[in-house]
Protein chains: 2
Amino acid sequence: MTAHGADVQGGDGQAEAGSKQSAIEVPAARERARAIPEAAVARLAVYLRALSGLADQNVTTVSSDELAVAAGVNSAKLRKDLSYIGSYGTRGVGYEVAVLIGQIERTLGLTRKHSVAVVGIGNLGHALANYGGFPSRGFPVAALFDLDPDLVGVPVGGIPVSHIDDIVEVCDEREVTIGVIATPAKGAQEVCDGLVAGGVTCILNFAPVVLQVPEDVEVRKVDLAVEMQILSFHVARRQQEAATELHRSNVDGVNIGPPGGGGQMPGEVESANRMVERL
Amino acid sequence: MTAHGADVQGGDGQAEAGSKQSAIEVPAARERARAIPEAAVARLAVYLRALSGLADQNVTTVSSDELAVAAGVNSAKLRKDLSYIGSYGTRGVGYEVAVLIGQIERTLGLTRKHSVAVVGIGNLGHALANYGGFPSRGFPVAALFDLDPDLVGVPVGGIPVSHIDDIVEVCDEREVTIGVIATPAKGAQEVCDGLVAGGVTCILNFAPVVLQVPEDVEVRKVDLAVEMQILSFHVARRQQEAATELHRSNVDGVNIGPPGGGGQMPGEVESANRMVERL
DNA sequence: TCTTGTGAATGTTTTCACAGCC
DNA sequence: GGCTGTGAAAACATTCACAAGA
């Protein structure tokens, strides 16, 4: 989740909360925004996409049940999430798609453009710079940066690449709000510092490092290796469960054992360490 | 994760939990694995990376405080997370780096190889297929798929691209455990079905759709648009807070407003938008 | 009758704080 | 003295279940 986020959450994985509560009574307006749980924010974005899909099909009204199915959550959760942003439904009927889209966009701050800078124009950077869904939703790519002089000036996805040494001034000039770090781990912290110096307050980090930032800068992290390892964990868990199940069956005297060679655990710590060496 | 898993993102962001508890008494072995919270699993992967870094610098021992700093979490959380996998520290001293690496790898199932298939060899697919940190950590890329006949047979990152029509048999043959979907939203569900039919039980989905899968298949989602929108939300929240702060100052009669052009806070939404304009 | 919106209940995760051990 | 491991408390998130309103 995320550095902050991230989850993160989530998520989620991600979603490290961690903001301090002011001692005084919270004013209503501030309270409203602060009160939306991080996890709910992430889902609002998902609902928004589902709603856009419905709007494209000229659906004008949707019930919490229908929308919940489209978004892959249960309807109680969906209603609770929507309740954080206000009461825009009609009892007995459902929600007006257009209204809900408008309100979610407002809540997520999508009524304003957020200029994006992508740093590190390697494979991933290219992919991001060319990513269509990016600018289409109010996130215009305003700058690209790389270290490689051969790349500087070359347009990628329509924007010429700038040299990373100019990151502070270019970000400042073009009013970049969101920086996307797609560099190797090595240079990521330095890049991050440059972005922050250039006035960027939100960072999406694809580099496998924990970034150090001032507390008013928001970082979200997307980490391939972590995602893969989480999946790996679930494979392992399932296997272990199956093995336990099997074992119990055997103990119970009911032999449903494997026809061919058994699912064995390979040898312990050494193999693990060898793997690390390689990375 | 979020996911999940979540979530990170959170967490997650991600990290939808949702597994049912079996009614019977849990056998110890099964219990051990099930008992690790999803959020903790994601962090274990982060600790592992930090530990690998330490190992590379020939550090042999680390305290929970040091490791926590390296991983960007607080030390109580780290100790709690480690306690889920067992007691491998020494009071008054800390943890042996090598031991911890071994235990985390074992827990995450990294002592076994997990063959990966990447589907959709566009910009992102290319990036993934070439991603070095991928195979290096026990996740060899075993297959690539695309729809485009011009791409079929072309090697990308050393592996020739197969046609997507062959996805079921190729996945089966090469014993793919993890499928990575890097296609447009359009074909993603179909691809997913193919992977599942080919015996894949873990999916990392980059396509902006909610995938429908049997309950024994684990899906994690990485969603650019959602991440960007979460960041956007935080920009909006900060601005709103700043506006509220300013408003309160004015109401309190303490004028700390901007020197040029009044820092006024006229009614609600409009003013918020104007302010947004300025930032 | 149908569906929203929401308190209350439940479940999960984080944080605290300190006993136990080196 | 220092640091781990962990119960217990607090914070956070999800689910239930139903009153209120169209």
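Order of the sequence lines fixes the chain letters, A, B, ..., with proteins taken first and strands second; residue numbering starts at 1 for each chain. Computed over heavy atoms, backbone and side chain alike; hydrogens, waters and symmetry mates excluded.
- With C/dT15, D/dA22, C/dC22 as the candidates, the nucleotide lying closest to the side chain of A/Arg91 is D/dA22.
- Side-chain polar atoms of B/Ser64 and B/Arg79 form a donor-acceptor pair below 3.5 angstrom.
- We find that CG of B/Asp65 is positioned 14 Å from C1' of C/dC16, with the value rounded to whole Å.
- An OP1 or OP2 oxygen of C/dT4 is reached within less than 4.0 angstrom by a side-chain nitrogen or oxygen of A/Ser64.
- For A/Tyr84, the listed nucleotide lying nearest its side chain is D/dT14; candidates were D/dA22, D/dT14, C/dT13.
- To the nearest angstrom, C1' of D/dG2 lies 12 Å from CD of B/Glu66.
- Closest contact between the side chain of A/Tyr95 and the listed nucleotides D/dT14, C/dT13, C/dT4 involves C/dT4.
- Between the C1' atom of C/dT3 and the CD atom of A/Glu96 lies a distance of 15 Å, rounded to the nearest Å.
- B/Leu67 has its CG atom 15 Å from the C1' atom of D/dG5, to the nearest Å.
- One can place CG of B/Leu78 at 12 Å from C1' of D/dG5, the figure rounded to the nearest angstrom.
- Here the nucleotide nearest the side chain of B/Ser63, chosen from C/dC16, D/dT4, C/dT14, is D/dT4.
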Protein-nucleic acid N or O pairs under 3.5 Å, nucleotides 7-11 of chain D:
unit_1 : atom_1 : unit_2  : atom_2 : d
D/dG7  : N7     : B/Lys80 : NZ     : 3.3

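- Under a 3.5 Å cut-off, the side chain of A/Glu66 and the backbone N or O of A/Ser63 do form a donor-acceptor pair.
- Between the side chain of B/Ser232 and the backbone N or O of A/Gly109 there is at least one donor-acceptor pair closer than 3.5 Å.
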message: Set out, in order, the CA-CA distance, both residues' side-chain angles and the distance that settles side-chain contact (heavy atoms from CB on, under 4.5 Å) for A/Ile203 and A/Val196, then state yes or no.
response: CA-CA 9 Å; A/Ile203 291 174; A/Val196 171; 4.2 Å; yes

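- A/Leu82 places its CG atom 8 Å from the P atom of C/dG5, with the value rounded to the nearest Å.
- A donor-acceptor contact closer than 3.5 angstrom is absent between the side chains of B/Gln239 and B/His234.
- Phosphate contact (OP1/OP2 of D/dT14, side-chain N/O of A/Asn74, threshold under 4.0 Å): absent.
- The NZ atom of A/Lys77 sits 19 Å away from the C1' atom of C/dT4 (whole-angstrom rounding).
- With respect to the salt-bridge test (charged N to carboxylate O, under 4.0 angstrom), the residues A/Arg220 and A/Glu38 qualify.
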- prompt: Does the side-chain contact (heavy atoms from CB on, under 4.5 Å) test come out yes or no for B/Leu82 and B/Tyr47, once each step is laid out?
  reply: CA-CA 9 Å; B/Leu82 293 182; B/Tyr47 305 155; 4.3 Å; yes

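- Mapped onto DNA chain D by nearest heavy atom, A/Arg79 and B/Asp81 fall at different nucleotides, with B/Asp81 at the one closer to the 5' end.
- We find that CD of A/Glu38 is positioned 13 Å from P of C/dT14, with the value rounded to whole Å.
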